[in-house]
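Labels below follow one simple rule: chain letters A, B, ... track the order of the sequence lines, proteins then strands, and each chain is numbered from 1. These numbers were taken from a predicted model, which means no experiment stands behind them.
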Amino acid sequence: MKVVTRFAPSPTGYLHIGGARTALFNWLFARHHGGTFLLRIEDTDRERSTQDAVDKIFEGLKWLGIDWDGEPVFQFARMKRHAEVAHKMLAEGKAYYCYCTPEELEEMRAKAKAEGKPMRYDGRWRDRDPKDAPAGVKPVVRFKAPREGVTVIKDHVQGDVTFQNEQLDDLIILRSDGTPTYNLSVVVDDHDMGVTHVIRGDDHLTNAARQTQLYLAAGFEVPEFAHIPLIHGPDGAKLSKRHGALGTEAYADMGYLPAAMRNYLLRLGWSHGDDEIISTEQAIEWFGLDHVGRSPARFDFAKLNSLNGHYIRNTPDDELLQAALPFITKHAGRAPSEAEQAKLKAILPAVKERAKDLNELAEAVLFLFAARPIQPDAAAQKHLDDAAKARLRKVSEALQPLNEWTAASTEAVVRNLAETEQVKLGQLAQPLRAALTGRTVSPPIFDVLAVLGRDETLARLADAAGA
RNA sequence: GACCCCAUCGUCUAGAGGCCUAGGACGUCACCCUUUCACGGUGAAGACACGGGUUCGACUCCCGUUGGGGUCGCCA
């Protein structure tokens, strides 16, 4: 059997991190089995669905490197087909018109609440003659759900989950305006699209029971289910915005690499022994539903950062520079020139060891763009007292006659000076760092000298020490 | 509240009855490397929620308790 999976977000906001993981799992599962991964936009809620959200979903998936097969299906466009299935069920006596008013339903809801029971439609129109219909009331169509027995979901993650049918009421499949509701649409679409494996958040577990009944009633084959646990915030509660329930574009803006994000999301709720760093190719080869965890995982920025640092360090310089350029432009306030890009590339190997995200990387490289005279920050200023300035003048003098200007040659000069002056290397290096970068933290100082070049180095030294 | 799901270090997890003196990773701490910060290396602290069973033997199986989560819309 060819595997067909799908990701079916509703376009009511950005593609958040939980959705991204659901998409990733579906994608991985399909790719692993050489199957098909489809995208369906569930835009039947006309009030809340927006084109902007649709675009954000596309962009988010693309950013993550998740590609889908064929054209996306827009659920709203398939409304007629959904209604057709509902009418067929009506004709077959598997569904019926219900003339309950919203007030009556509200009453039922209140009563249920008072009794501490879940809201359950009492089925008052289930077997009633439509001739009793009150005039002027537009009916909804309800599914005639089985009242006895059980519905069992054979879930690949949760195992067999049994629901008593009496717990499930007659759900509305067609609204009073004739439009289909979610559960019906999902069932018809998944069937029509040939979806074999429904992998989604476990907030849909109860829906799976209702949907199973619908599949059976419609004469459709029930797909395989896999309900994966939701991602929680660091406090164990539902993921909130300040806890990471952000859109993928927010993570892009924070300077996370898609590869790191993929790896992080993959390991959140799935494992392959002790493996932590898993390439996408490897993930496709290894991924399966059998190792998806059953308990909700908490989102942890610390681990994401660590992973991101790893991927930054291991990204080839050219590629990393391209990814970092927008961030550098943002932080520097202007786009780097050709010449500056060459310098950027030269310092990148040293800088990428020390950045956990692209913003940090851009920050670390900012000294290249700083206009003279450099404005040292408070910490750096402490390394530029009179004694330090005097030492810097000596460094400057020693550096002047140097022919070949490289990290190695400048280092040799400064080390030599430290020896003759009887000072620790750090006593020269820290003031140098402060004078050249305006910071106390920077890439290795002789790498800084090398990229800055002789003229700029000497000029900055003169600014700081009056040399 | 009802129904359903879940439960191993702070966090992500390995663990399919003896391999467990419970392993790895992130984080934390210490030391080493070192011109700063990182990286890297070495090491330390740190968990089977609790109570009953089943078994010669339970982290692993069963039941209960507790705790957490999800769902209860003419939303998706």
Close N/O contacts between protein and nucleotides 16-23 of chain B (under 3.5 Å):
from	atom 1	to	atom 2	distance (Å)
B/G23	N2	A/D274	OD1	2.8

What protein N or O atoms touch nucleotides 4-9 of chain B N or O atoms at under 3.5 angstrom, if any, and at what distances?
from	atom 1	to	atom 2	distance (Å)
B/C5	O3'	A/Q158	OE1	3.3
B/C5	O2'	A/Q158	OE1	3.0
B/C6	OP1	A/R294	NH1	3.2

Distance-only check: which donor-acceptor pairs under 3.5 Å involve side-chain atoms of residues 438-450 of chain A, not counting sequence neighbours?
from	atom 1	to	atom 2	distance (Å)
A/S442	OG	A/R433	NH1	2.8

For residues 297-304 of chain A, which side-chain donor-acceptor pairs fall under 3.5 Å, sequence neighbours excluded?
from	atom 1	to	atom 2	distance (Å)
A/R298	NH1	A/P234	O	3.1
A/D300	OD1	A/A302	N	3.2
A/K303	NZ	A/E276	OE1	3.4

Rounding to an integer number of angstrom, what distance separates [N] and [M] when you compare their [atom1] atoms?
N     : M     : atom1 : result
B/A45 : B/A22 : P     : 12 Å
B/C61 : B/G15 : P     : 13 Å
B/C62 : B/C9  : C1'   : 27 Å

Would you please name every residue forming a side-chain contact (heavy atoms from CB on, under 4.5 Å) with A/A95, sequence neighbours left out?
A/M89, A/L90, A/V141, A/I173

side-chain contact (heavy atoms from CB on, under 4.5 Å) filter on A/P180, not counting sequence neighbours, yields A/M79, A/H82, A/L174, A/L184, A/S185

Hey, could you give me each pair passing ring pair (Phe, Tyr, Trp, His ring centres under 6.0 Å) that has a residue in residues 137-180 of chain A? Not counting sequence neighbours.
none

Can you run down the salt bridge (Lys or Arg N to Asp or Glu O under 4.0 Å) pairs that involve residues 177-187 of chain A, sequence neighbours left out, and say none if there aren't any?
none

Is there any salt bridge (Lys or Arg N to Asp or Glu O under 4.0 Å) pair reaching into residues 135-153 of chain A, and which pairs are they, with sequence neighbours excluded?
A/D127-A/K144

Tabulated below should be each protein N or O lying under 3.5 Å from an N or O of nucleotides 35-43 of chain B; please produce it.
from	atom 1	to	atom 2	distance (Å)
B/U35	OP1	A/R415	NH2	3.0
B/U35	O2	A/R433	NH2	2.4
B/U36	O4'	A/Q430	OE1	3.1
B/U36	O2'	A/T440	O	3.0
B/U36	N1	A/R433	NH2	3.2
B/U36	O2	A/S442	N	2.9
B/U36	O2	A/S442	O	3.1
B/U36	N3	A/R433	NH1	3.3
B/U36	N3	A/S442	O	2.8
B/U36	O4	A/P444	N	3.2
B/C37	O2	A/R354	NE	2.5
B/C37	N3	A/R354	NE	3.1
B/C37	N3	A/R354	NH2	2.5
B/C37	N4	A/R354	NH2	3.2
B/A38	O2'	A/E353	O	2.6
B/C39	O2'	A/E353	OE1	3.1

Could I get a table of every N or O pair under 3.5 Å where one atom is in the protein and the other is in nucleotides 49-51 of chain B?
none

Show the distances under 3.5 angstrom between N or O atoms of the protein and N or O atoms of nucleotides 28-33 of chain B.
none

